[in-house]
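Below: the structure, in structure tokens.
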Number of protein chains: 2
Amino acid sequence: MKEKREDRRISRTRRLMHEALMTLIEEKGYEAITVQDILDRADVGRSTFYAHYRDKDELLLSSFEHLRTLFEQQQQALFDSRRTGAEPEVHFILELFRHTGQHHKLYKAIAGKQSGEMILKYFNRYLYTMLIGPLTELNRNKKSMPVPIEITTHHLVSTLLSLMTWWLDNNMPYSAERMDEIFRILSTPVIETAFGRKVQKSEYESIAGEHLPGSVKAFYSLFVDSGCCPDK
Amino acid sequence: MKEKREDRRISRTRRLMHEALMTLIEEKGYEAITVQDILDRADVGRSTFYAHYRDKDELLLSSFEHLRTLFEQQQQALFDSRRTGAEPEVHFILELFRHTGQHHKLYKAIAGKQSGEMILKYFNRYLYTMLIGPLTELNRNKKSMPVPIEITTHHLVSTLLSLMTWWLDNNMPYSAERMDEIFRILSTPVIETAFGRKVQKSEYESIAGEHLPGSVKAFYSLFVDSGCCPDK
DNA sequence: TCTTTTTTTGAACACAATGTTCAGTAATGA
DNA sequence: TCATTACTGAACATTGTGTTCAAAAAAAGA
């Protein structure tokens with residue numbers, strides 16, 4: 001059942017290099033790290049590094065890919081359990097803040113002041129691609145909106161990312177739950193005015209069909225379960 | 001009256017290096033440029049470059065500083081003329097989009113996909129510092145808000161910057177006026193919900209006193225003259 | 001104009017980091 | 001046990017950085 005096991009040396013070497021990268025980022029920031037630093041810390045040969053990764057960036061990227069897969073699997077599992085009735089609701093943004101908080105060292109490396117912009121761009125593109133389709137769908141057969149859909153999407157993504165980086169850069173002074181709430185407060189009225197009308201819960205749900213990947217489906221819960229905007 | 005004139009050679013050398021940097025950014029993107037590229041293009045000696053700037057970043061930064069000064073002077077002039085009654089209203093954001101559009105080559109170098117993140121961070125800090133004081137002032141002696149003031153400020157800044165970069169990266173498909181309108185549509189409802197209440201026009205105006213620099217004063221017009229959110 | 005001051009030049013240099021190569025060694029899995 | 005695969009480490013070519021200095025050129029000042 002399990003696909004062919006990876007050579008133990010490979011996983012060991014990769015793990016060592018990832019760990020080295022993480023501690024080095026904490027110490028001096030991503031930009032300042034040289035390949036030699038990583039080699040010294042991980043205690044592996046120079047040629048070994050280049051046998052695995054083309055450069056520093058690819059090493060960081062692979063850490064991120066790994067984490068993203070992990071998160072998507074978790075989201076899929078949550079979504080499946082929701083279908084069976086165990087969990088009432090999935091909160092994508094909240095889960096994202098929780099997940100980020102759990103792995104905050106890596107995410108700080110990825111998205112914090114100390115990091116390069118490279119992965120932020122990657123992340124940006126990832127979220128944008130995830131959102132643009134469904135949001136467009138949401139407006140199918142509707143009249144033109146006050147704000148172009150690409151801009152609204154771009155805006156939502158950058159709102160989330162800027163909250164995320166702020167949170168990490170300031171050492172997470174609020175809980176994931178509070179950040180999730182803040183995101184709702186900031187984004188919900190925007191969605192309404194950008195679309196030029198209230199968007200009904202049922203509309204989101206009708207789109208979150210069977211064909212979408214788990215994490216995308218989960219994203220809808222962002223809009224679906226409101227409970228935002230106190231004392232209004 | 002005029003302060004001592006700068007040596008003609010100095011301005012010439014600097015101009016050549018700036019022009020070289022700009023065309024090179026267009027050609028291959030900021031990151032890919034080496035100091036040698038700049039020297040070849042500008043046709044100046046290596047030691048000359050280092051006599052003027054510590055590195056590539058400092059050269060780009062000085063372009064930006066120059067433009068910022070220019071913009072602030074223009075804003076100050078506009079604000080002064082407003083006081084004399086000639087111009088009814090100053091629209092900071094609109095002026096910023098116009099100014100950016102006029103110098104879009106440089107701003108694209110500064111804020112576009114091709115550029116480094118360095119100046120975006122600088123810009124971010126600049127706008128944040130400009131906004132945080134007045135916004136805090138605005139809420140003096142008021143009860144706690146649904147969203148912490150630092151986050152609201154951070155959010156407004158990142159909204160503006162993300163609109164700006166989107167605009168530049170997509171070759172300015174809309175007019176500065178339209179972008180200004182979009183910014184209002186996206187930010188106005190956020191300000192209201194983040195503050196937990198409507199903020200009166202008079203409140204903004206009472207803060208925009210004599211002691212604030214021109215561009216900051218002008219910033220208030222962002223809130224002061226509404227006219228946003230059509231068909232609501 | 002002549003003199004003084006300032007700027008530019010270009011080549012040489014030390015240095016730091018990258019990424020490749022390859023023969024030798026060690027660990028692994030079957 | 002043994003074929004396979006991965007790691008090693010030192011050497012090497014390459015690219016880019018930033019400094020130095022004496023000579024040449026240009027500008028400013030009188």
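Residue numbers begin at 1 in each chain, while the letters A, B, ... track the order of the sequences. Fair warning: this is a prediction, and the values are worked out from it, not measured in the lab.
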Provide, to the nearest angstrom, the distance between the [atom1] atom belonging to [X] and the [atom2] atom belonging to [N].
X       : N      : atom1 : atom2 : result
A:Asp7  : C:dG29 : CG    : C1'   : 8 Å
A:Gln36 : D:dA10 : CD    : C1'   : 12 Å
A:Glu6  : D:dT5  : CD    : C1'   : 13 Å
A:Arg12 : C:dG29 : CZ    : P     : 13 Å
A:Arg54 : C:dA17 : CZ    : C1'   : 18 Å
A:Lys28 : C:dA17 : NZ    : C1'   : 12 Å
A:Phe49 : C:dT20 : CZ    : C1'   : 14 Å
A:Ile10 : D:dT4  : CD1   : C1'   : 12 Å

Side-chain N or O of [X] less than 4.0 angstrom from OP1 or OP2 on [N]?
X       : N      : result
A:Arg8  : C:dG29 : yes
B:His52 : C:dT8  : yes
A:Tyr50 : C:dT20 : no

Counting neighbours of NE2 on A:His66 that are heavy atoms of other residues, nucleotides or ligands and sit closer than 6.0 Å, is the number greater than 12?
no
Enter the inter-axis angle for the ends of the helix from C:dT1-D:dA30 to C:dA30-D:dT1 (five pairs per end, rounded to 10°).
30°
When the ring planes of B:His155 and A:His155 are compared, do they come out parallel, tilted or perpendicular, using 30° and 60° as the limits?
perpendicular
Any residue meeting side chain to side chain contact (heavy atoms under 4.5 Å, CB included) with A:Thr34, in chain and number order, not counting sequence neighbours:
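Side chain to side chain contact (heavy atoms under 4.5 Å, CB included) check on A:Thr34 returns A:Gln36, A:Asp37.
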Mind checking salt bridge (Lys or Arg N to Asp or Glu O under 4.0 Å) for [X] and listing every partner two or more places apart, or none if nothing turns up?
X        : value
B:Arg15  : B:Glu19
B:Arg46  : none
A:Arg178 : A:Glu181

Between the side chains of A:Tyr30 and A:Asp57, does any donor sit under 3.5 Å from an acceptor?
yes
With distance as the sole criterion, do the side chain of A:Arg9 and the base of C:dA27 form a donor-acceptor contact below 3.5 Å?
yes
For B:Phe97 and B:Ala176, the nearest pair of non-hydrogen atoms, with its separation, is CB-CB, 3.7 Å
Selection: residues 39-48 of chain A, any non-hydrogen atom under 4.0 Å of DNA chain C
A:Arg46, A:Ser47
Verify, without hydrogens or angle tests, whether B:Thr188 (side chain) and B:Arg184 (backbone) share a donor-acceptor contact under 3.5 angstrom.
yes
